[in-house]
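Worksheet for the structure shown next.
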Amino acid sequence: MRPDGGITPEGSGDSSHPAGPWSLDQAASELETRGAVAGDQEALKELWRRHRRWVAAILLAHKPRWVDLDDLLQEVAVAVVRKIGELRDPKSVRPWLRTVAINAAHAAGRSGARRSRDVSLAGEDHGEVMRPRRANAEPSGLDEGRRLMELAAQLPDGYREPLLLKAVQNLSYREIGSILGLPETTIETRIARGRRMLRELAQQAHVEAAD
Amino acid sequence: MAETELDILITRAIDGRASATDWAEIERLGERDPGVWRELATAQRDDASLRRAMSLSLARVDSVELADAVYTHEATHAAHTMSRRTRAVATWAGWAAAAAVGLAFFTQQPRGDATGRSMNPATAGVGAPQGQIESAADMLARYLDQGRQEGKVIQEVPEKWLLSAEPTGDGSKQQVIYLRLIMERAEVPEFYTFSQDEWGNPAPARIQIQTPQASPVSKPVRPPV
């Protein structure tokens with residue numbers, strides 16, 4: 001904490017992703033990307049496996065509610081195969097993947113075609129709606145998590161993505177910043193505010209449910 | 001302290017990034033206002049719930065691979081079409097398997113097996129060959145003809161769903177794996193699906209199939225014991 005009451009910028013204290021492993025991971029990712037751009041199929045597959053989870057989180061943050069996540073991820077996969085050769089800078093693979101994912105999500109929204117499975121941000125469990133449950137049962141942790149995912153969909157654009165990226169794979173702020181093209185300090189602030197907004201939304205929902 | 005600054009301290013604590021200075025500030029704030037501790041606990045609980053739900057919801061994306069055929073066939077339109085069909089097959093297959101299990105279990109037809117693998121081809125006449133059968137195609141044609149006569153087969157869907165394509169050993173041809181679809185008719189008294197009871201054990205639950213005339217609500221019904 002600074003003497004003026006402000007908070008010092010977060011430094012190297014990211015215990016989940018210290019600098020060493022992140023650098024190795026980044027180097028591996030760049031090698032895979034170079035190979036994939038050059039036409040190495042195995043490298044492309046590895047690149048996809050490395051990034052597909054957070055790409056799915058980007059889709060969750062941007063896709064229309066009625067669009068199936070699996071279908072959309074397949075669209076992204078096909079686009080990656082088709083366009084990887086156009087990637088000029090292997091270091092920019094993350095923002096490039098994000099752009100591909102957002103474009104796919106927006107295209108799906110424009111098409112307006114409802115798919116057979118209505119997948120919400122909270123994922124889908126069709127058995128859930130038919131599962132007998134006591135009316136007065138306390139919500140389980142999983143139910144609470146799904147409810148929070150629904151509420152996260154209501155967050156403003158700039159806060160939704162960082163929060164979901166942090167939650168999906170515990171990405172470091174540096175990694176999230178490299179995907180979104182933002183400084184780490186901005187990522188930290190947005191995650192902090194996003195969590196605050198989510199808490200307030202959850203409290204509001206509790207109050208409304210009690211009423 | 002501004003709200004955002006407290007939020008940042010809480011976020012650092014949640015993410016394991018809080019320094020000794022940050023923790024000292026949190027403790028100082030907590031001594032002045034115990035609500036800070038409650039806020040920290042709530043934030044940690046919410047974050048854990050969100051992570052768990054996200055993890056479960058996105059677990060299935062690990063099965064979305066870049067198919068070899070998609071990469072090999074740079075005729076992207078064809079690749080895209082195949083990908084869509086593959087997904088459609090997967091979706092359909094899952095539903096069909098679940099439906100078949102339900103039907104086999106509750107209609108108690110002696111000829112279906114418990115896995116729903118077969119509605120017993122004999123019902124469509126395969127087991128009673130008439131005339132010369134020389135190939136699988138002959139048997140299939142006989143099955144379709146007999147099935148139509150019995151009202152159990154409606155028709156074979158003309159389109160076949162391509163699952164994969166790869167060059168043969170000598171590279172002269174393409175070996176394709178595909179699904180052939182046959183539309184059949186059956187009469188069943190009830191539909192069931194497998195759900196879970198409160199202990200997580202598999203339990204059948206009767207469901208109502210929605211039709212334009214039926215109620216739009218599917219209610220769970222306690223299964224027969």
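Side chains are part of it too, since the values below use all heavy atoms of this structure and drop only hydrogens, waters and symmetry mates. Reminder, nothing fancy here: chain letters follow the sequence lines and each chain counts from 1.
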Original post:
Using non-hydrogen atoms only, which part of Asp62(B) is less than 4.5 Å away from chain A: side chain, backbone, both, or neither?
Top reply: both

Original post:
Side chain, backbone, both or neither: which part of Arg199(A) has an atom under 4.5 Å from a heavy atom of chain B?
Top reply: both

Subject >> Audit row: Leu6(B), Glu39(B), side chain to side chain contact (heavy atoms under 4.5 Å, CB included) steps and yes/no >> reply: CA-CA 10 Å; Leu6(B) 175 60; Glu39(B) 194 152 0; 4.2 Å; yes

Original post:
Taking NZ, NE, NH1 and NH2 as the nitrogens, is one of them in Asp15(B) or Arg51(B) under 4.0 Å from a carboxylate oxygen of the other?
Top reply: yes

Subject >> Heavy-atom proximity to chain A below 4.5 Å, by part of Leu58(B) >> reply: both

**OP:** Take Asp22(B) and Ser19(B), measure what side-chain hydrogen bond (donor to acceptor under 3.5 Å, both in side chains) needs, and give me the verdict at the end.
**Re:** CA-CA 5 Å; Asp22(B) 291 334; Ser19(B) 65; 3.2 Å; yes

Subject >> Part of Ala24(B) lying under 4.5 Å from any heavy atom of chain A >> reply: neither

**OP:** Can you establish whether the number of heavy atoms outside Arg49(A) located under 6.0 Å from its atom CZ is more than 12?
**Re:** yes

